[in-house]
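Here the structure comes first, spelled out in structure tokens, and everything after it is commentary.
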Amino acid sequence: MGKDISQCIEIYQKQLIQGDIRFAYITLIKYMGELKAQFPKQYSTGNISLGYLYYTYFPFFNEYLRQHKLRFGIVLNHLEMRFELWLMGQNTSVQKAYWELLRNTDWNNNTTTMPQYSVLEVCLEDVIDFSSKGLMTNKILDNATSLAEKIQIFLKGFD
């Protein structure tokens, strides 16, 4: 049986009026903008996608990734409340091809089926702590670029 939408909207409105969810959401989205602005210039970045309160992400890519119809994403997983690195393909056939290359790697450890929106999803930071924002930001950016380089080196072995 489906949920009563009127009741859900009422709960939603009460939570927005209370202000905690709105404040947290605005803070997290602004932080995604800060991450994007600080992203190393060796990569181009795309626009921030809000993703219906499940995921917020921005893509990053270089010429190698573009040529192979791939891009990485820095993803805020709202349900898990953590930052992740995703490798995404331009379409389903590209994702399936790269899933076959990457499915048995350490990056896909314990993942038996291809993720819905990506080829792989790796946790970058699972503790969102704005009291140590600088350290958190450095960890996310350093881990993302380091992993992206390692994954690209691996993929270049198949070129």
Side-chain angles (χ1 to χ4, degrees), residues 1-3 8 20-21 24-25 27-40 42-159:
M1 179 163 213
K3 291 187 176 202
C8 290
D20 295 334
I21 290 175
Y25 184 76
T27 301
L28 290 166
I29 298 307
K30 283 182 180 178
Y31 181 67
M32 288 295 291
E34 291 173 26
L35 280 175
K36 182 181 179 301
Q38 293 180 42
F39 211 78
Q42 70 203 54
Y43 291 99
S44 298
T45 59
N47 294 328
I48 295 174
S49 297
L50 300 179
Y52 303 111
L53 290 178
Y54 292 111
Y55 303 105
T56 301
Y57 81 97
F58 66 88
F60 68 93
F61 52 90
N62 57 22
E63 192 54 38
Y64 173 81
L65 294 165
R66 184 182 292 246
Q67 288 174 359
H68 289 81
K69 300 180 181 180
L70 296 168
R71 66 191 180 281
F72 285 103
I74 299 292
V75 179
L76 169 59
N77 181 331
H78 291 263
L79 297 175
E80 300 290 333
M81 201 45 64
R82 66 184 192 185
F83 288 94
E84 299 171 347
L85 176 72
W86 288 11
L87 178 62
M88 301 170 281
Q90 186 176 44
N91 55 46
T92 305
S93 62
V94 171
Q95 286 193 184
K96 286 181 181 176
Y98 283 97
W99 166 250
E100 291 304 320
L101 290 176
L102 294 163
R103 72 184 307 164
N104 293 317
T105 64
D106 288 342
W107 301 301
N108 269 321
N109 191 19
N110 299 322
T111 305
T112 57
T113 58
M114 188 175 88
Q116 183 176 2
Y117 302 113
S118 64
V119 176
L120 61 82
E121 301 173 359
V122 179
C123 180
L124 295 171
E125 179 61 66
D126 61 356
V127 178
I128 298 178
D129 180 7
F130 283 99
S131 67
S132 299
K133 186 174 162 183
L135 291 172
M136 179 174 69
T137 300
N138 289 339
K139 182 177 177 185
I140 292 167
L141 296 175
D142 291 348
N143 286 346
T145 55
S146 174
L147 279 168
E149 290 302 316
K150 289 175 185 172
I151 292 166
Q152 289 175 86
I153 289 168
F154 177 83
L155 292 175
K156 287 175 183 178
F158 293 97
D159 287 349

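- Side-chain contact check for Leu85 versus Phe60: some heavy-atom pair is nearer than 4.5 Å.
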Please assess Glu121 against Trp86 for the test side chain to side chain contact (heavy atoms under 4.5 Å, CB included), listing each intermediate value before the final yes or no. CA-CA 5 Å; Glu121 301 173 359; Trp86 288 11; 3.3 Å; yes
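- Leu70 contributes atom CG, which lies 12.0 Å from atom CZ of Phe61 (distance to the nearest 0.5 angstrom).
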Let me see the working for Met136 and Phe130 under side chain to side chain contact (heavy atoms under 4.5 Å, CB included), right down to the final yes or no. CA-CA 8 Å; Met136 179 174 69; Phe130 283 99; 4.1 Å; yes
Could you pull out all donor-acceptor pairs under 3.5 Å where a side-chain atom in residues 149-159 meets a protein atom, sequence neighbours excluded?
residue, atom, partner, partner atom, Å
Glu149, OE2, Gln42, NE2, 3.4
Glu149, OE2, Tyr43, OH, 2.5
Gln152, OE1, Asn62, ND2, 2.8
Gln152, NE2, Tyr43, OH, 2.9
Gln152, NE2, Ala148, O, 3.1
Asp159, OD1, His68, NE2, 3.3
Asp159, OD2, Tyr64, OH, 3.4

Show, in sequence, the C-alpha distance, side-chain angles and deciding distance for Val75 and Tyr54, and conclude whether the side chain to side chain contact (heavy atoms under 4.5 Å, CB included) test is met. CA-CA 10 Å; Val75 179; Tyr54 292 111; over 6 Å; no
Would Leu28 and Ile128 count as a side chain to side chain contact (heavy atoms under 4.5 Å, CB included) if you check the C-alpha gap in whole Å, the side-chain angles of each, and the deciding distance to 0.1 Å? CA-CA 10 Å; Leu28 290 166; Ile128 298 178; 4.3 Å; yes
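- Minimum heavy-atom separation, Met32 to Leu76: SD-CB, 3.9 Å.
- The structure places OG1 of Thr45 at 12.0 Å from CD of Gln38, a figure rounded to the nearest 0.5 Å.
- Note that the CZ atom of Phe72 and the OG1 atom of Thr145 stand 10.5 Å from one another [nearest 0.5 Å].
- A side-chain donor from one of Thr137 and Tyr31 sits under 3.5 Å from a side-chain acceptor of the other.
- Considering only heavy atoms from C-beta on, Leu35 comes within 4.5 Å of Phe83 through its side chain.
- A distance-only check finds a donor-acceptor pair linking the side chain of Gln95 to the backbone of Gly89 [under 3.5 Å].
- Rounding to the nearest 0.5 Å places CH2 of Trp99 at 8.5 Å from CG of Leu120.
- Put simply, CE on Met81 and CG on Asp126 are 12.5 Å apart, with the number rounded to the nearest 0.5 Å.
- Enclosure of atom OH in Tyr25 by more than 12 non-hydrogen atoms of other residues, nucleotides or ligands within 6.0 angstrom is indicated.
- Summarising the local packing, CG of Asn91 is surrounded by more than 12 heavy atoms from other residues, nucleotides or ligands at distances under 6.0 Å.
- The line from OH of Tyr57 to CG of Leu50 is 10.5 Å long, rounded to the nearest 0.5 Å.
- A 6.0 Å sphere centred on CG of Asp129 holds more than 12 heavy atoms belonging to other residues, nucleotides or ligands.
- Contact between Lys36 and Gly46 at its shortest, heavy atoms only, is CE-O, 2.6 Å.
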